[in-house]
There are 2 protein chains.
Amino acid sequence: MDKKVTNLLREKGFKVTPQRLAIYKILATTKAHPSAEMIFNQLQTAYPTMSLATVYKTVDILREIGMIQVLNAGEDCFRYDADTSDHPHVRCLECGRVDDLYDINFSDFVGDVAKKTPYRLTGQQFYFYGICPECQKATVN
Amino acid sequence: MDKKVTNLLREKGFKVTPQRLAIYKILATTKAHPSAEMIFNQLQTAYPTMSLATVYKTVDILREIGMIQVLNAGEDCFRYDADTSDHPHVRCLECGRVDDLYDINFSDFVGDVAKKTPYRLTGQQFYFYGICPECQKATVN
DNA sequence: TTATAATTAATAACCATTTTCCAATTATAT
DNA sequence: ATATAATTGGAAAATGGTTATTAATTATAA
């Protein structure tokens with residue numbers, strides 16, 4: 001799994017460091033779409049000397065080489081996703097978690113937009129908002 | 001056109017001021033989805049003493065009484081839209097303009113998501129990215 | 001008209017994210 | 001093993017949209 005990042009980093013002239021691999025590994029093995037700070041916190045035990053600055057610099061590089069995508073779900077920070085495929089996200093307005101939405105067909109929607117807009121489209125982001133199952137249980141409705 | 005805002009402001013216990021009407025009028029007569037600063041700049045000639053703080057407070061009130069919606073198209077600021085209907089937006093990656101997308105049917109898409117997610121959905125935002133017609137002409141491709 | 005509570009304007013302060021800085025360290029090629 | 005150029009870490013600083021503050025002003029009701 002690290003092979004691809006390793007090669008891609010080398011190809012693009014970046015050095016392969018344990019920090020970079022660790023940060024990518026976190027993103028590649030979670031579905032939580034962590035922010036820079038969440039990545040930083042998660043690395044505290046394995047890399048006690050990890051710096052937030054390194055996290056920021058690394059996610060920027062990972063985005064540049066196309067290994068991750070950057071999300072902005074209307075929060076005050078960015079989130080990072082090693083799943084670079086086009087897929088909608090849903091954010092819980094209660095606890096803030098962001099989840100993937102799988103097996104959704106939106107090609108008709110996108111096709112319709114592409115047909116009707118004079119823009120040359122290069123991408124899109126679909127964000128849904130609501131209450132996650134856990135928070136539904138927690139709150140009295 | 002101001003009638004509705006005027007009544008709604010009074011109903012909710014807010015005073016009706018020239019500033020508030022002017023800010024709403026800007027939003028109601030544009031399709032540019034201006035940010036707070038853009039509203040502020042646009043009012044400089046008509047209201048030279050307008051304060052940015054007033055713009056922020058007013059859009060907050062307008063949102064509270066349901067006369068506008070707030071957009072976050074992945075920028076570092078919010079944009080405001082007097083068209084409170086659910087509709088997708090497209091942002092030009094070159095010049096930054098944000099446009100509406102009309103006559104797009106996304107109810108199947110939304111229905112599919114609602115059926116498949118365990119979230120209780122309350123809303124959504126659809127953002128497309130690309131190059132607007134003007135910037136397509138301007139850049140050599 | 002008067003009283004009063006809300007609003008405005010201008011600026012300062014905020015504040016959390018992100019970037020910069022630089023000395024120490026480390027990956028890489030030779 | 002060595003050279004060197006990139007990277008790291010830690011803290012400090014910047015960033016820039018947004019909010020708070022306060023005296024002066026103004027909308028509203030009586």
Side-chain angles (χ1 to χ4, degrees), chain A residues 2-3 5-24 26 33-65 68 70-80 96 98, chain B residues 2-3 5-24 26 33-65 68 70-80 96 98:
Chain A
D2 290 347
K3 199 108 176 245
V5 214
T6 302
N7 290 339
L8 218 53
L9 282 171
R10 288 232 175 80
E11 266 179 44
K12 306 277 182 176
F14 295 106
K15 289 187 174 172
V16 178
T17 69
Q19 291 91 336
R20 286 174 180 170
L21 294 179
I23 289 167
Y24 177 73
I26 287 211
H33 312 85
S35 64
E37 195 170 2
M38 290 161 78
I39 296 172
F40 172 72
N41 290 334
Q42 212 169 322
L43 282 169
Q44 282 304 357
T45 45
Y47 286 81
T49 70
M50 173 66 68
S51 164
L52 240 190
T54 299
V55 176
Y56 278 106
K57 279 180 267 190
T58 298
V59 291
D60 200 48
I61 289 173
L62 291 174
R63 178 196 51 73
E64 192 182 328
I65 67 177
I68 65 171
V70 179
L71 306 183
N72 184 323
E75 298 169 292
D76 49 3
C77 65
F78 292 101
R79 285 167 176 268
Y80 306 95
V98 173
Chain B
D2 291 346
K3 199 110 177 241
V5 214
T6 302
N7 291 340
L8 217 53
L9 282 170
R10 288 233 173 79
E11 265 178 44
K12 306 277 182 175
F14 296 106
K15 290 186 174 173
V16 178
T17 69
Q19 291 91 336
R20 286 173 181 172
L21 293 179
I23 289 166
Y24 178 73
I26 288 212
H33 313 83
S35 64
E37 195 169 3
M38 291 163 77
I39 296 172
F40 173 72
N41 290 335
Q42 211 169 324
L43 283 169
Q44 282 304 356
T45 46
Y47 287 80
T49 70
M50 174 67 70
S51 165
L52 238 191
T54 300
V55 176
Y56 276 106
K57 275 181 268 189
T58 299
V59 292
D60 200 48
I61 288 172
L62 291 173
R63 179 197 51 75
E64 192 181 328
I65 67 178
I68 65 171
V70 180
L71 306 184
N72 184 324
E75 298 168 293
D76 49 4
C77 64
F78 292 101
R79 286 167 175 267
Y80 306 94
V98 173

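Note on naming: letters A, B, ... go to the chains in the order of the sequence lines (proteins, then strands), and numbering restarts at 1 for each one.
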Practice prompt. Ignoring backbone atoms, establish whether B:Q19 has a side-chain N or O less than 4.0 Å from OP1 or OP2 of C:dA9.
Written response: yes

Worksheet entry | Pairs touching residues 39-50 of chain B that satisfy side chain to side chain donor-acceptor pair (under 3.5 Å), sequence neighbours left out | none

Response to the item:
Distance col, row B:L52:CG vs B:E37:CD, nearest 0.5 angstrom, shows 6.0 Å

Item to complete: Return the nearest nucleotide to the side chain of B:R20; candidates are D:dT28, C:dA10, C:dT7.
Response: C:dT7

Worksheet item: Should A:D60 and A:K57 count as an ion pair when the cut-off is N to O under 4.0 Å?
Response: no

Worksheet entry | Nucleotide D:dA6, atom P - distance to NZ of A:K15 in whole Å | 7 Å

Worksheet entry | Between P of D:dT7 and CZ of A:R10, the distance in whole Å | 12 Å

Item to complete: Starting at CD1 of B:I23, measure out to CD1 of B:I39 and round the result to the nearest 0.5 Å.
Response: 6.5 Å

Fill in: Atom pair OH/OH of A:Y24 and A:Y80 - distance to nearest 0.5 Å
16.0 Å

Practice prompt. Classify the nucleic acid contact of B:P48 as base, sugar-phosphate or nothing, counting any heavy atom under 4.0 Å across all strands shown.
Written response: nothing

Worksheet item: Quick one: is C:dT8 close enough that its OP1 or OP2 comes under 4.0 Å of any side-chain N or O from B:T17?
Response: yes

Practice prompt. Measure the distance from CZ on B:F40 to P on D:dG16 and round it to the nearest whole Å.
Written response: 17 Å

Fill in: Interatomic distance where OH belongs to B:Y47 and P belongs to D:dT26 [whole Å]
12 Å

Are any protein N/O atoms closer than 3.5 Å to N/O atoms in nucleotides 12-22 of chain C? If there are, list each pair with its distance.
from, atom 1, to, atom 2, distance (Å)
C:dT18, OP2, A:Y56, OH, 2.5

Fill in: A:I61 vs A:R20 side-chain heavy atoms within contact, under 4.5 Å
yes

Practice prompt. Take atom NZ of B:K12 and atom P of C:dA6, then tell me their distance rounded to the nearest Å.
Written response: 18 Å

Discussion item. Could you check whether any side-chain heavy atom of A:M50 comes within less than 4.5 Å of a side-chain heavy atom of A:V55, counting everything from C-beta outward?
Written reply: yes

Worksheet entry | Whole angstrom value for the distance that separates P of C:dT7 from CG of B:L62 | 12 Å

Discussion item. Distance check needed: C:dT25 P versus A:M50 CE, whole Å only.
Written reply: 17 Å

Item to complete: Rounded off to whole Å, could you give me the CG-to-P distance for the B:D60 and C:dT8 pair?
Response: 13 Å

Fill in: Base D:dG10 to side chain A:S51, donor-acceptor N/O within 3.5 Å cut-off
yes

